[in-house]
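Everything on this sheet refers to the single structure shown next.
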Amino acid sequence: MKQRLILLPVALALLATGCVAPVGPVEVTRFHGPDTAVLGRGSVQVEPAPGMDGQSLEFRAYLAAVARELTRVGYVEAAAGSGSAQVAVVKVAREVFQPERARGPVSVGVGGAPGSYGSGVGLGIGIDLSGPPPEQVSTELAVTIKERSSGAALWEGRATFTVRATSPMADTGLGAARLAEALFKDFPGKSGETIVVP
């Protein structure tokens, strides 16, 4: 009985880890000028880019995720209309698509071999019954940090990942946090370099 009680927590832990969705890699590209001393300090206000619906719950999840990361790298988040020194402009693009099958659902193979009593030829037909590839969701988070007084861009970055539409990471809340975390990893990053964050 004691062995069963000891093994039960282990089994539950294994089941719990099996339920966690794998997190796909995030591709990140960033650009900035040679002077990075102004980055990661002072006040910043997070705003939606033109054309973005800043009132939608989905987009506000991205605004909040970006604000959290900016605070983590050293900024102080300013309230709307407070006249912050810098502005972080946020843009999000999401696309749902159906990938094409790499090959046709039916394959034919022909094989032959010589034998002691002649030769043999075989024909094999394979049918893929797995159905079409699963639907995918591609999400890109783009942020531009500007100097408020001049409007000059100080830093720009974008983070992109693609997951199955059924993955928990396709959910806005989880996806927003993951993209923002990858985008601001080792901020400000090396300008012009594309990295993959596992």
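In this text, all values refer to a predicted model and were calculated from it rather than measured experimentally.
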- Task: Say whether, by atom type as modelled, one donor and one acceptor occur between the side chain of Thr71 and the main chain of Ala67 under 3.5 angstrom.
- Result: yes
Does Arg30 use its side chain to pair, donor to acceptor, with the backbone of Leu183 at less than 3.5 Å? yes
CG (Leu179) and OG1 (Thr160) are apart, to the nearest 0.5 Å, by 7.5 Å
Do side-chain atoms of Arg72 reach the backbone of Phe184 as a donor and acceptor pair under 3.5 angstrom? yes
Please check if the side chain of Arg94 supplies one atom and the backbone of Ala170 the other of a donor-acceptor pair under 3.5 Å.
yes
*Might you confirm whether atom CZ of Arg164 has over 12 heavy atoms from other residues, nucleotides or ligands at distances under 6.0 Å?*
no
Ser56 side chain vs Phe59 backbone, donor-acceptor pair below 3.5 Å = yes
Exercise: do Ser84 and Ser43 side chains pair donor with acceptor under 3.5 Å:
no
Indicate, with yes or no, if Phe31 and Phe187 share a hydrophobic cluster defined by side-chain heavy-atom contacts under 4.5 Å among Ile, Leu, Val, Met, Phe, Trp and Tyr. no
Note to self: Can you tell me if Glu27 has over 12 outside heavy atoms packed within less than 6.0 Å of its CD?
What the structure shows: no
ask   = Between the main-chain N or O of Gly40 and the side-chain N or O of Tyr75, is there a donor-acceptor pair closer than 3.5 Å?
value = yes
Taken to the nearest 0.5 Å, the spacing of Arg158 CZ from Leu141 CG works out to 12.0 Å
Here the gap from Trp155 atom CH2 to His32 atom NE2, rounded to the nearest 0.5 Å, amounts to 9.0 Å
### Task
Check whether more than 12 heavy atoms from other residues, nucleotides or ligands sit under 6.0 Å from atom CD of Gln55, and answer yes or no.
no
Separation between OG (Ser82) and CD (Gln45), nearest 0.5 Å, reads 5.5 Å
Quiz item: Is a side-chain N or O of Glu156 found less than 3.5 angstrom from the main chain of Ala142, in a donor-acceptor match?
Solution: no
